[in-house]
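Have a look at the structure below before the remarks.
Here the structure is a predicted model, which is why all the values come from computation and not from measurement.
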Amino acid sequence: MKIFYKTRATATGGRAGRTALDDGSLALDLALPGSGKAGANPEQLFALGYAACFDNALPVAAKKLQLQPTHTATSVEVGIGQTAEGGYALDIDLHVEVKGLEQADAQRLVETAHKICPYSNATRGNVDVRLHVTAA
């Protein structure tokens, strides 16, 4: 695989600590969900990245399918839960709104983007990811 870009982040203090990109461009305090402490959690950070990445895969898929949506918006819900084996796993819902296409074409677009997006490829086969498509 040809690598186009690579970044690095370092966390200290785990889920209640701090994380930062090593280049200094972004740093965040972390907080456990429900703790009342100000800060983000890893699931929120994953949701942000997945939403941006998937929404960027949509125009690539549209070009491949020769479709022309007028607007897209991607929202990602990320949950975390305990598996039967005692480990932890993510649970993901992708909500994609596509304007300017009929429902069938919007569905085809999202399914194609799901094959292109690096986050989708990273989670495929080991994380439940459900696609919700709305044509507007």
Table please: side-chain donor-acceptor pairs of residues 60-69 below 3.5 Å, with sequence neighbours left out.
none

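For the atom pair T19 OG1 and L26 CG, the distance stands at 8.5 Å (nearest 0.5 Å). Between R8 atom CZ and L21 atom CG the span is 11.5 Å, to the nearest 0.5 Å. In this structure, CG on D91 lies 5.5 Å from CG on D128, to the nearest 0.5 angstrom. With values rounded to the nearest 0.5 angstrom, H71 atom NE2 is found 12.5 Å from L101 atom CG.
Here the closest heavy-atom approach between residue G100 and residue T70 is recorded as N-OG1, 3.6 Å. Minimum heavy-atom separation, A27 to R18: CB-NH2, 3.2 Å. Annotation for N41 and A31: closest pair CB-O, 3.5 Å, computed over non-hydrogen atoms. Smallest separation of non-hydrogen atoms from V76 and A47: O-CB, 3.6 Å. For the residue pair A122 and N126, the shortest heavy atom distance occurs at O-OD1, 3.6 Å. Annotation for A40 and Q44: closest pair CA-OE1, 3.1 Å, computed over non-hydrogen atoms.
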Using side chain to side chain contact (heavy atoms under 4.5 Å, CB included), reason through Y50 and T74 one step at a time and then give a plain yes or no. CA-CA 9 Å; Y50 202 163; T74 302; over 6 Å; no
Under the side chain to side chain contact (heavy atoms under 4.5 Å, CB included) criterion, do T123 and F46 qualify, and how do the steps go? CA-CA 11 Å; T123 59; F46 191 89; 3.9 Å; yes
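Put simply, L45 and L32 are part of two different groups of oily side chains (I, L, V, M, F, W, Y) that touch within less than 4.5 Å, one to the next. Hydrophobic clustering (ILVMFWY, side-chain heavy atoms < 4.5 Å, transitive): F54 and V127 are in one cluster. No continuous path of ILVMFWY side-chain contacts below 4.5 Å connects I116 to L94, so the two sit in separate hydrophobic clusters.
A donor-acceptor pair under 3.5 Å is absent between the side-chain atoms of E97 and the main chain of T134, judged by distance alone. Of the possible donor and acceptor atoms, one in the side chain of K37 sits under 3.5 Å from a partner among the backbone N and O of L30.
Salt-bridge formation is detected for the pair R15/E43: a Lys NZ or Arg NE/NH1/NH2 atom is positioned less than 4.0 Å from an Asp or Glu carboxylate oxygen.
Atom CD of Q82 sits in a crowded spot, with more than 12 heavy atoms from other residues, nucleotides or ligands closer than 6.0 Å.
Under the rule for a side-chain contact (heavy atoms from CB on, under 4.5 Å), the partners of H132 that lie at least two apart in sequence or sit in another chain are D93, H95, R130.
L131 places none of its side-chain heavy atoms less than 4.5 Å from the side chain of V96.
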